[in-house]
Amino acid sequence: MTDLAIPEDQTAASNGDNHLYLVDGSGYIFRAFHALPSMNRSDGTPTNAVFGFTNMLLKLVEDIEADHVAVIFDTKRLTFRNEIFADYKANRDEPPEDLRPQFSLIRDAVRAFNVPCLEMEGYEADDLIATYARQAKEKGMRVTIVSSDKDLMQLVDDGVDMYDPMKNRAIGRDEVFEKFGVGPEKVVDVQSLAGDSVDNVPGVPGIGIKTAAQLINEYGDLDTLLARAEEIKQPKRRQNLIEFAEQARISRELVRLKDDVSVEEPLERLTVEDPDDATVLSFLKEMEFKRLIARFEAELSDGGAASAGGGPVEGSVGSPSPEGDVAYELVQEIADLERWIALARAEGTVAVDTETSSLNAMRAELVGVSMSVVPGKACYIPLGHTDGEAQGSLLGDSGNGDGPKQIPRDKALGLLKPLFEDPSVLKVLHNAKYDLLVLARGANGGVNVTPVDDTMCMSYVLEGGLHGHGLDELSELHFGHTNIKFADVCGKGKTQIPFSAVALDKALDYAAEDADMTVRLHRTLRPELPKAGLLTVYETLERPLIPVLTRMEKAGIKVDPQILRDMSKDFEKRLDELAVEIHKLAGEEFNIGSPKQLGEILFDRMGLPGGKKGKTGAYATGAEILEDLAAQGHDLPARVLDWRQLSKLKSTYTDALVEAINPETGRIHTSYSMTGASTGRLSSNDPNLQNIPIRSEEGRKIRTAFVAEPGNKLLAVDYSQIELRLVAHIANIESLKQAFRDGIDIHAQTASEVFGVPLAEMDPITRRNAKAINFGIIYGISAFGLARQIGTEPGVAKKYIDAYFERFPGIRDYMNETKAAARETGYVTTIFGRRVHIPGIKDNNPARRAFSERAAINAPIQGSAADVIKRAMVRINPALADAGLAAKMLLQVHDELLFEVPEAEIEKTTEVVRRVMESAAEPVVELSVPLVADAGTGDSWAEAH
DNA sequence: AAGAGACAG
DNA sequence: TTCCAGCTGTCTCTTA
């Protein structure tokens with residue numbers, strides 16, 4: 001619920017003057033300009049900011065429940081603040097070229113909507129807002145400031161709140177506290193100390209918002225703090241507070257908003273008036289905002305929006321359906337549901353889609369189910385809808401208050417379960433894993449859907465690498481049909497409503513269309529699989545993996561939140577200390593997380609050697625560059641590297657993982673994407689459990705929080721060097737294959753052959769170089785890249801590569817053949833026949849073409865390894881069951897599988913898993929190198945690995 | 001929304 | 001000769 005819609009009766013409800021909206025127009029202009037892609041009227045005038053602003057105004061006049069309103073703008077640059085401090089806002093750039101002509105158009109928009117539009121010479125919009133807010137408050141009115149500018153946060157008070165129109169989020173005391181570490185009444189004090197680089201408010205050097213908040217909380221206010229500055233313990237801070245006390249006081253004058261401007265327009269006249277429709281329309285037309293015109297006209301001619309009533313709604317209203325007639329039916333009676341189930345049984349195939357409350361399948365509640373048996377005919381069965389959007393009145397039923405008419409959920413699921421579990425009826429879904437998991441959860445009926453076809457996986461197998469595989473994208477691609485967008489039905493951002501609150505007629509159009517498109521896709525894609533020779537890939541690598549992954553996601557992994565919280569606390573403390581040190585070394589306060597600011601400090605201010613880079617013109621400050629600087633003895637870059645590491649660990653891991661623990665299961669349930677990686681790999685998201693730190697000592701500790709249930713251990717089994725083994729096999733390099741068969745250290749073996757050093761005399765550096773080449777080869781490395789990797793001259797690196805190819809000509813042949821095949825067919829293949837399309841292989845741009853060539857070289861290797869582990873995963877559960885073992889497969893990390901195993905079964909389980917993994921390629925492919933899997937166990941993932 | 005940076009295999 | 005310079009991902013933060 002947004003605050004825009006809460007006309008809270010406060011003290012002055014009786015006189016009717018109760019709510020004032022103050023819109024910070026200037027702030028909104030800049031944010032709209034940057035947030036929206038560029039747009040132009042046919043005469044070339046840029047209009048994107050005008051569009052964003054107009055959109056906001058439309059929403060404002062539609063939703064407003066206040067009786068007073070004004071949009072307020074800044075005027076010229078110079079204000080009374082420049083008399084206090086000449087450089088105030090001096091570092092602001094001129095507004096961008098494309099924005100300047102839009103300012104006056106935006107004022108036109110405000111006038112067209114008949115909303116009071118104010119500005120005053122010499123004052124900023126903020127001061128006028130402060131003044132009106134004070135006046136309104138004195139009259140007992142409520143005030144809402146529509147802005148997200150932090151400088152306005154000092155005005156928040158009982159009865160005065162803010163509303164961020166871009167994020168659709170209310171800003172009250174709590175949000176202010178979150179931002180400044182103090183309540184609104186102390187915001188000015190904090191800002192005076194911390195200063196503001198954007199507005200060029202100086203503040204006190206070495207003090208940022210965090211320190212400022214801490215000081216103000218300790219001393220109460222700025223004056224007290226400055227008076228007692230002698231007491232500060234930290235010498236540098238004490239000195240700065242004394243030395244820059246006056247500067248802090250000046251900053252306070254800059255920051256504090258003036259709330260007694262003698263405004264020209266009295267508050268009483270800022271009343272809400274209905275806009276003149278013709279004026280609005282002519283403005284929209286002048287701007288050529290076609291979508292807004294349509295929306296506005298639709299609202300004018302409203303009244304005919306009601307739906308047909310309780311019965312089946314024929315012909316999906318609103319969604320264009322160029323493919324011919326469609327008939328979507330709302331199923332609200334048991335008899336109708338039974339008819340659809342009979343239809344599905346008769347056909348033997350039914351497309352199914354679920355509507356839920358969340359994109360996260362482990363948290364989603366079932367809201368409805370749609371089904372389609374033949375193209376153009378589909379139904380939607382609402383199960384968990386509530387009264388939203390006043391649909392009770394639209395449907396004209398008795399208004400019983402229990403939500404719209406629908407078959408009781410459990411009754412409907414009782415009828416659907418036998419169909420969904422019937423082995424003789426094929427269920428077709430798009431992204432089946434999601435729906436399977438939702439339906440499998442006890443809370444949603446515990447339905448185990450089988451057998452299943454997945455149109456998303458089919459598209460992935462057929463056209464992986466060419467495009468995405470979402471239903472909307474495929475409908476467009478294959479049928480030229482534009483699906484109704486989820487956002488059009490539910491909105492987005494904070495104003496988004498749950499699907500359960502969508503009116504049934506709208507829900508029908510949206511949900512039935514998905515089932516309809518799924519059935520159409522199935523009829524289009526399924527016949528292509530055998531034609532392309534890809535049926536086996538789909539049937540053995542992808543389709544059987546769906547229930548396996550569903551089980552893994554449902555199982556989740558236990559995570560101890562206390563371990564993570566303790567680490568977070570430790571990280572926070574050390575981050576604070578590092579920040580102080582870094583600011584001291586830099587000689588000024590800046591945002592360490594901003595590469596732009598860091599670059600300016602490093603290269604402009606401190607004059608360290610380094611260069612500009614790329615399109616944005618910002619300095620590059622990547623780890624490699626900072627490491628170079630650190631190696632030259634500079635402390636600041638070294639500390640920044642430490643800071644970055646800790647900051648990453650804290651925000652991405654220790655903090656985020658605690659949040660990801662499912663409150664019902666106490667475990668983290670990732671979601672695997674089967675179509676996200678072009679090579680055939682899985683990817684993991686929400687949260688990503690495939691990139692939990694391990695390489696650094698510090699990060700590795702995070703794995704101690706991943707634990708087994710009591711009585712169990714974690715078992716980690718990973719393939720040793722699987723990609724190099726596959727290279728040896730695919731490129732058929734006899735000496736490498738022999739080395740793998742003999743169990744020799746492969747990098748040492750390579751070094752020995754390429755550099756002619758006997759194995760017995762191998763030194764670590766030579767071995768390291770050979771290792772870099774081995775891995776580099778997999779990725780299609782260049783002499784330049786290898787040189788950078790191992791820290792030598794490109795000329796030397798080139799010699800190494802030449803020597804490597806001299807010794808292993810098979811690898812060069814493989815690379816050339818692979819590139820040729822990609823050029824010939826547009827794709828490359830793995831040893832199991834999976835295709836990976838390489839669309840850029842014929843690009844005229846040499847850089848892009850080279851990029852595609854490297855991808856082509858890598859894809860069969862990475863993809864074959866992905867195929868191998870997928871085959872293992874499909875076989876593991878049956879193998880465990882055969883052996884009577886209870887282990888649960890929890891995670892896959894590309895070449896590793898993680899299990900939770902009863903302590904008593906560890907040895908047997910290890911044996912079974914290892915056997916399955918090492919023989920996973922067979923019998924389809926007889927590898928000429930052995931696959932080796934290493935196992936480890938422990939109470940945590942850290943120990944098991 | 002895009003870029004930069006950092007984490008994994 | 002020019003291009004750029006190691007593949008596959010996800011997540012967070014900043015900035016325009």
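Only a predicted model underlies this, so the values are computations on that prediction, with no experimental measurement involved. FYI, side chains are in, hydrogens and waters are out, and symmetry mates aren't considered; it's all heavy atoms of this structure. Residue numbers begin at 1 in each chain, while the letters A, B, ... track the order of the sequences.
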Visitor: Among dA8(B), dG9(B), dC7(C), which nucleotide has an atom closest to any side-chain atom of Arg854(A)?
Guide: dC7(C)
Visitor: Scan Phe775(A) against the nucleic acid and name what it touches under 4.0 Å (heavy atoms): base, sugar-phosphate only, or nothing.
Guide: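 Base contact.
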Visitor: Without hydrogens or angle criteria, can the side chains of Ser684(A) and Thr670(A) be said to hold a donor-acceptor pair below 3.5 Å?
Guide: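 Looking only at side-chain atoms, Thr670(A) and Ser684(A) do form a donor-acceptor pair, the distance falling under 3.5 Å.
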Visitor: Provide, to the nearest angstrom, the distance between the OH atom belonging to Tyr653(A) and the C1' atom belonging to dG5(B).
Guide: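 Rounded to whole Å, this separation is 12 Å.
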Visitor: Base, sugar-phosphate, or nothing: which does Asn845(A) touch, judged by heavy atoms less than 4.0 Å apart?
Guide: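 The answer is nothing, as Asn845(A) stays clear of every strand by at least 4.0 Å.
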Visitor: Of the candidate nucleotides dG9(B), dT12(C), dT14(C), which contains the atom at the shortest distance from the side chain of Val893(A)?
Guide: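 Shortest atom-to-atom distance from the side chain points to dG9(B).
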Visitor: Measure from the side-chain heavy atoms of Lys648(A) and tell me the nearest of dT15(C), dG9(B), dA6(B).
Guide: dA6(B)
Visitor: Where the side chain of His894(A) is defined as all heavy atoms beyond and including C-beta, which of dC7(B), dG9(C), dG9(B) is the nearest nucleotide?
Guide: dG9(B)
Visitor: Could you walk me through whether Arg871(A) and Asp867(A) pass the salt bridge (charged side-chain N to carboxylate O under 4.0 Å, His left out) check?
Guide: CA-CA 6 Å; Arg871(A) 290 173 61 89; Asp867(A) 292 347; over 6 Å; no
Visitor: Rounded to whole angstrom units, what separation is found between the CD atom of Gln597(A) and the C1' atom of dA4(B)?
Guide: 14 Å
Visitor: With a 4.0 Å cut-off on heavy atoms, is Arg849(A) in touch with a base, just the backbone sugar-phosphate, or nothing at all?
Guide: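 No contact.
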Visitor: Indicate, with a heavy-atom threshold strictly under 4.0 Å, whether Gln862(A) touches base, sugar-phosphate, or nothing.
Guide: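 It contacts base atoms.
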Visitor: Determine the contact category for Ala787(A): base if any of its heavy atoms lies under 4.0 Å from a base atom, sugar-phosphate if only primed atoms, P, OP1 or OP2 are that close, otherwise nothing.
Guide: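 Nothing: the residue Ala787(A), judged by heavy atoms under 4.0 Å, touches no strand.
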Visitor: Nearest to the side chain of Ser651(A), which nucleotide is it out of dC11(C), dC13(C), dC7(C)?
Guide: dC13(C)
Visitor: With a 3.5 Å cut-off and no angle check, do the side chains of Asn774(A) and Tyr804(A) form a donor-acceptor pair?
Guide: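 Yes, Tyr804(A) and Asn774(A) have a side-chain donor paired with an acceptor closer than 3.5 Å.
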Visitor: With a non-hydrogen cut-off below 4.0 angstrom, is Glu723(A) in contact with a base, only sugar-phosphate, or nothing?
Guide: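 It contacts nothing in the nucleic acid.
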Visitor: Heavy-atom count around Lys150(A) NZ within 6.0 Å, excluding the residue itself: above 12?
Guide: yes
Visitor: OP1 or OP2 of dA6(B) versus the side-chain N and O atoms of Ser647(A): is any pair under 4.0 Å?
Guide: no
Visitor: Please classify the nucleic acid contact of Ala855(A) as base, sugar-phosphate, or nothing, using heavy-atom distances under 4.0 Å.
Guide: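 Sugar-phosphate, no base atom in range.
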Visitor: Where the side chain of Ala677(A) is concerned, which of dG5(B), dG9(C), dC7(B) is the nearest nucleotide?
Guide: dG9(C)
Visitor: At 4.0 Å (heavy atoms only), tell me whether Gly699(A) reaches a base, stays on the sugar-phosphate, or touches nothing.
Guide: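 No contact at all - Gly699(A) keeps every heavy atom at 4.0 Å or more from the nucleic acid.
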Visitor: Among the candidates dT15(C), dG9(C), dA6(B), find the nucleotide nearest to the side-chain atoms of Ala623(A).
Guide: dA6(B)
Visitor: From dG9(B), dC11(C), dT8(C), pick the nucleotide closest to the side chain of Ser678(A)?
Guide: dT8(C)
Visitor: So if I take every side-chain heavy atom of Ile694(A) and compare against dG9(B), dA5(C), dC11(C), which nucleotide ends up nearest?
Guide: dG9(B)
Visitor: Please check: side-chain N/O of Gln690(A) versus main-chain N/O of Gln892(A), any donor-acceptor pairing under 3.5 Å?
Guide: yes
Visitor: Can you tell me which nucleotide in dT8(C), dT10(C), dA16(C) comes closest to the side chain of Asn685(A)?
Guide: dT10(C)
Visitor: Tell me whether the OP1 or OP2 atom of dT8(C) has a side-chain N or O from Arg681(A) closer than 4.0 Å.
Guide: no
